[in-house]
Structures are given as C-alpha cells and as structure tokens.
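To start, the structure itself, in structure tokens.
These numbers come from a predicted model, not from an experiment. Atoms within each ligand, like the ligands themselves, are counted from 1 in listed order. Residues: numbered from 1 along the sequence shown.
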Amino acid sequence: MTSSWKKTMKIAVTGAAGQISNHLLFMLASGEVFGRNQPISLQLLGSERSREALEGVAMELEDSLYPLLASVKLGIDPHKVFEDADWALLIGAKPRGPGMERKDLLDINGQIFVEQAKALNEVASRDCKMLVVGNPCNTNALIGLHNSPDLPARNWHALTRLDENRAKCQLALKAGKFYTSVTNVCVWGNHSTTQVPDFLNAKIAGKRASNVIRDSQWLKEEFTPKVANRGGALIKKWGRSSAASTAVSIADHLRSLYVPTPAGDCFSTAVYAKGNPYGVDEDLIFSMPCRSNGDGDYEIIDDFVIDDWLAAKLKESEDELLKERDCVGHLIPGAERAVCAIVEDTMLPGEN
Ligand SMILES: NC(=O)c1ccc[n+]([C@@H]2O[C@H](COP(=O)([O-])OP(=O)(O)OC[C@H]3O[C@@H](n4cnc5c(N)ncnc54)[C@H](O)[C@@H]3O)[C@@H](O)[C@H]2O)c1
C-alpha cells in the first residue's frame with residue numbers, strides 16, 4: 001500500500017549558495033529530514049553577488065530528480081522569496097572580516113535580519129518557523145523576533161545543535177562508548193565560546209555522565225573548551241569552516257521537532273526565554289533543554305539540575321547575550337538605546 005503524500009511544505013533558505021546550504025539542500029530534497037511522504041518546495045534567497053551561483057545550485061537540484069522536490073524558486077528579494085514559507089532557514093550572513101570587532105559584526109548582520117524579519121512578517125505563513133544559523137545567531141534571532149511582531153515569538157530558533165552534537169561526540173570518546181548511548185545533553189546559552197555544554201544532566205548508557213567518566217577535572221576544565229573550540233580546530237586541519245556537520249545538525253534540529261522526544265532525553269535549541277523556568281533574562285534567545293511531541297512545536301524542560309558551577313557558567317553566557325542585546329538596541333523597535341559594552345571580544349565557535 002502506498003502512503004498518501006502530505007501538503008507541500010514551503011522551505012525558504014537564505015545563503016543558499018553558501019557551503020552549508022550546499023549540503024543541506026540535498027538532504028532536504030531527499031526526504032531524509034521531513035519524511036519520504038512530505039513534498040517540499042525550496043525558496044532560495046541569495047545576495048546580488050551570489051545570483052549566478054544560486055542558479056548553479058538550482059541546476060544541480062533539478063538534475064538530481066528528487067521526487068519530493070515539487071519546485072525551486074530563486075531570488076534576491078526576501079519579500080518574494082519568503083512568500084507563504086512554512087520554514088525559513090536563515091543561513092546567509094557575512095563572515096567577520098579582518099580587524100572587524102564583534103560589535104561591527106552584530107551591526108552588519110543584524111541589519112540583514114531586520115530586513116528579512118520584516119519580509120517574513122509580511123509574507124510568510126502565519127505559523128512560519130524560523131531557524132537562524134548565520135552568526136551571531138542568538139542575537140540575530142532576537143532582532144528577527146522583535147521585527148516580526150505578527151509571527152509567534154516562540155517560533156524563532158537559533159542553532160545550537162552542532163554544539164550539542166560536538167558535546168555528545170566528546171563524551172562518547174572519553175567514555176569509550178558509542179555516541180548513541182549519550183543522551184540528555186544540553187548545550188546552554190549563547191552559540192559562542194561562552195556556551196555551556198552540560199555534563200551534569202548528561203547520561204551515558206542511562207547513567208549520569210559523571211558516574212561513567214570519573215574525571216571531574218576533565219569534565220570541568222577540558223570538556224567545555226574542547227567543544228567550544230572544535231570549530232577552530234577543524235579550520236586548522238581542513239582550511240575551511242564546518243559545513244557538512246553544520247548541515248547535519250540543522251537536519252537533526254528539524255527532525256527533533258517532528259519526532260517525539262524519547263522519555264528522559266532532550267535536544268538543545270536557542271529559543272525565546274520568556275517564561276523560562278531557569279531565571280534567565282526573559283528577553284533573550286537562549287539555548288535550553290527542550291522536548292517535542294513531534295508536532296513541530298517544543299517545550300522547555302523544567303527539571304534540569306543546576307548546581308553552583310553550572311549556574312555560574314550560565315550567568316557568564318547570559319551576561320554576554322545581554323551585552324550583545326545592548327549593542328543592537330538600534331535594530332530593535334522600542335528598545336532603549338544602551339551603551340555597546342563588549343570589551344572582551346569573545347569568539348564565535350570556529351573563529352579562534
Ligand atoms: N550556528 C551554528 O552552529 C553555525 C555553524 C556554522 C556556521 N554558522 C554560520 O552560518 C553562516 C553561513 O556559513 P557558510 O559556511 O554557509 O557561509 P558561506 O560564506 O559559504 O555562505 C554564506 C552565503 O550567504 C550569502 N549571503 C550573505 N548575505 C546574504 C543576505 N543578506 N541574504 C542572502 N544571502 C546572503 C553569501 O553570498 C554566501 O553565498 C555564517 O554566518 C556562519 O558563521 C553557524
């Protein structure tokens with residue numbers, strides 16, 4: 001018996017000619033993300049400079065003869081490309097150039113997200129879900145959320161799943177176990193080097209990770225920098241930033257919202273902190289442990305254990321996000337103008 005196909009899902013992707021999209025688009029079209037009975041149409045946004053490359057991407061998609069790929073639309077005007085989108089995967093952003101400070105990057109990329117959020121607010125599906133990948137992704141998502149008042153704030157996500165996957169990999173390697181035995185791993189906070197990979201609540205083969213890896217010095221002092229600096233280590237080896245594993249983590253992120261989360265497990269996503277049970281400032285996009293019923297929505301898990309060590313780490317990442325928010329007050333309607341006080345220039349994972 002053949003199962004019937006669902007209504008076509010419209011997926012807008014920005015930075016569609018970039019290296020992450022070069023992996024992701026083919027995963028989406030193959031059906032491995034949203035299911036093999038879910039037709040999709042791809043609505044690809046490029047920049048003026050990447051227009052020709054975008055046409056090349058579309059040619060490769062056409063030549064792949066994916067039965068689930070109903071159509072591919074290209075453009076450089078977000079008002080046209082985002083029309084009726086059910087998902088917007090916001091990957092396009094400018095990388096930090098030589099001598100550029102973090103506050104300059106916040107401003108340049110923040111402006112992209114003002115424009116794109118306004119377009120989504122006008123033309124996307126009323127339940128459109130947004131995943132921001134372009135860095136600095138938490139603050140870009142916060143800017144987007146405040147510039148799309150007619151879309152649900154809870155539908156804005158920023159990607160921290162790559163950090164979660166990296167944390168699981170390091171725990172599995174240290175424990176000498178296969179990575180599928182590592183569960184309940186949350187990476188909290190900002191997608192930056194202040195991120196907080198949580199080994200306190202993590203489990204390995206159903207036991208607390210700290211009861212399996214009996215090396216608290218490694219957990220406290222080596223594990224976190226290993227995860228946070230993984231992107232930089234990869235650039236040194238490979239000469240370019242992670243693209244394939246980022247695309248895989250985007251696919252994992254999306255699947256986590258459409259497959260019920262197993263009992264006792266979680267996934268990490270940076271979401272609007274309003275009403276969060278951990279006392280994090282409510283007007284931030286902050287990565288937290290979440291679960292889903294598989295309906296595309298999520299809830300923040302409220303019973304993670306927070307000890308003093310973890311609380312102090314969360315505070316550092318929260319403080320950094322508060323400073324980032326102060327730097328983009330001019331891009332958030334109704335926000336008070338604050339002093340941009342980023343003195344210590346923390347890195348994005350992959351920059352150091
Ligand atoms: N959150 C995460 O875990 C994570 C991981 C890896 C990379 N990233 C970020 O993802 C972003 C993309 O990475 P990449 O390796 O694919 O970069 P890339 O440079 O290969 O591609 C980016 C593409 O975006 C396009 N672009 C720039 N501004 C645009 C705009 N306003 N509208 C539409 N397209 C635009 C560029 O022309 C380019 O084709 C970067 O900001 C990177 O820092 C985030």
Side-chain angles (χ1 to χ4, degrees), residues 12-25 43-58 74-82 88-97 100 102 105-120 130-141 143-144 156-167 187 189-193 195 197 227-235 238-254 267-271 285 287 347-352:
V13 182
T14 74
Q19 48 162 0
I20 295 172
S21 295
N22 192 35
H23 296 270
L24 179 67
L25 296 175
Q43 308 182 171
L44 309 181
L45 184 80
S47 53
E48 184 61 58
R49 246 187 42 209
S50 62
R51 198 195 278 258
E52 289 274 314
L54 203 57
E55 285 174 16
V57 172
L74 311 178
I76 59 168
D77 176 355
H79 283 87
K80 291 192 181 135
V81 175
F82 291 164
L89 307 177
L90 305 174
I91 302 172
K94 293 216 161 35
R96 182 164 9 197
M100 195 190 278
R102 190 173 175 87
L105 187 74
L106 280 161
D107 182 51
I108 289 174
N109 281 330
Q111 291 182 34
I112 295 176
F113 284 83
V114 171
E115 187 202 4
Q116 294 183 355
K118 285 184 174 164
L120 286 163
M130 284 67 54
L131 173 61
V132 178
V133 179
N135 277 316
C137 59
N138 296 54
T139 297
N140 288 339
I143 292 168
W156 282 91
H157 298 250
L159 184 76
T160 52
R161 184 55 173 265
L162 178 60
D163 306 308
E164 176 190 316
N165 288 355
R166 287 171 170 168
V187 172
N190 197 6
H191 174 68
S192 78
T193 44
Q195 66 180 256
V227 175
N229 298 324
R230 183 81 166 168
L234 187 125
I235 290 175
W238 198 198
R240 57 157 183 73
S241 63
S242 56
S245 57
T246 306
V248 167
S249 74
I250 295 170
D252 287 342
H253 177 111
L254 296 170
F267 56 88
S268 317
T269 169
V271 289
I285 294 273
S287 185
M347 292 286 142
L348 294 164
E351 284 188 329
N352 46 347

### E115 to ligand 1, any heavy atom closer than 4.0 Å
no
### Query
Is the closest N or O pair between H191 and ligand 1 shorter than 3.5 Å?
yes
### Query
Do any N/O atoms on G92 end up under 3.5 angstrom from N/O atoms on ligand 1?
no
## Note on the structure
Counting heavy atoms under 4.0 Å, the part of V133 that contacts ligand 1 is both
### Task
Enter the distance from I76:CD1 to T14:OG1 here, rounded to the nearest 0.5 Å.
13.5 Å
### Query
What about D163: any of its N or O atoms under 3.5 Å from an N or O on ligand 1?
no
### Query
Under 4.0 Å from any heavy atom of S50, which atoms of ligand 1 are there?
37 (O)
### Query
Is it the side chain (CB and beyond), the backbone, both or neither of R161 that lies under 4.0 Å from ligand 1, heavy atoms counted?
neither
### Task
Compute whether any side-chain donor of one residue and acceptor of the other, for R166 and S242, lie under 3.5 angstrom apart.
yes
### Message
I need the atoms of ligand 1 closer than 4.0 Å to a non-hydrogen atom of C137, numbered in the order shown.
### Response
1 (N)
### Summary
One finds that the ligand 1 atoms under 4.0 Å from a non-hydrogen atom of G134 are 10 (O), 11 (C), 41 (O)
### Query
Could you give the distance from OG1 (T160) to NE2 (H191), rounded to the nearest 0.5 Å?
8.5 Å
## Note on the structure
Only residue of L120, L45, V13 satisfying side-chain contact (heavy atoms from CB on, under 4.5 Å) with L90 is L120
### Task
Report, in ascending order of atom number, the atoms of ligand 1 lying under 4.0 Å from any heavy atom of G15.
23 (C), 24 (O), 25 (C), 33 (C), 34 (N)
### Query
Do L89 and L254 come close enough that some side-chain heavy atom pair is under 4.5 Å?
yes
### Query
Between S268 (side chain) and V187 (backbone), is there a donor-acceptor pair under 3.5 Å?
yes
### Query
Does the pair E115/K118 count as a salt bridge with the N-to-O cut at 4.0 Å?
no
#### Entry: Atom pair CG/CE of N140 and M130 - distance to nearest 0.5 Å
13.5 Å
## Note on the structure
d(T269 OG1, R161 CZ) to nearest 0.5 Å is 9.5 Å
#### Entry: Test of proximity, S21 against ligand 1: N or O pairs below 3.5 Å
no
### Residue G46 vicinity, atoms of ligand 1 by number, heavy atom under 4.0 Å
33 (C), 34 (N)
### Task
Return yes when A17 approaches ligand 1 closer than 4.0 angstrom through a heavy atom, no otherwise.
yes
### Task
Considering the heavy atoms of I91, write down every atom of ligand 1 situated less than 4.0 Å from one of them.
10 (O), 11 (C), 12 (C)
#### Entry: For A93, atoms of ligand 1 separated by under 4.0 Å from a heavy atom
24 (O), 27 (C), 41 (O)
### Message
So for ligand 1, is T246 a polar contact partner (N or O within less than 3.5 Å, distance only)?
### Response
no
### Task
Check the side chains of Q19 and S241 for a donor-acceptor pair under 3.5 angstrom, ignoring hydrogens and angles.
yes
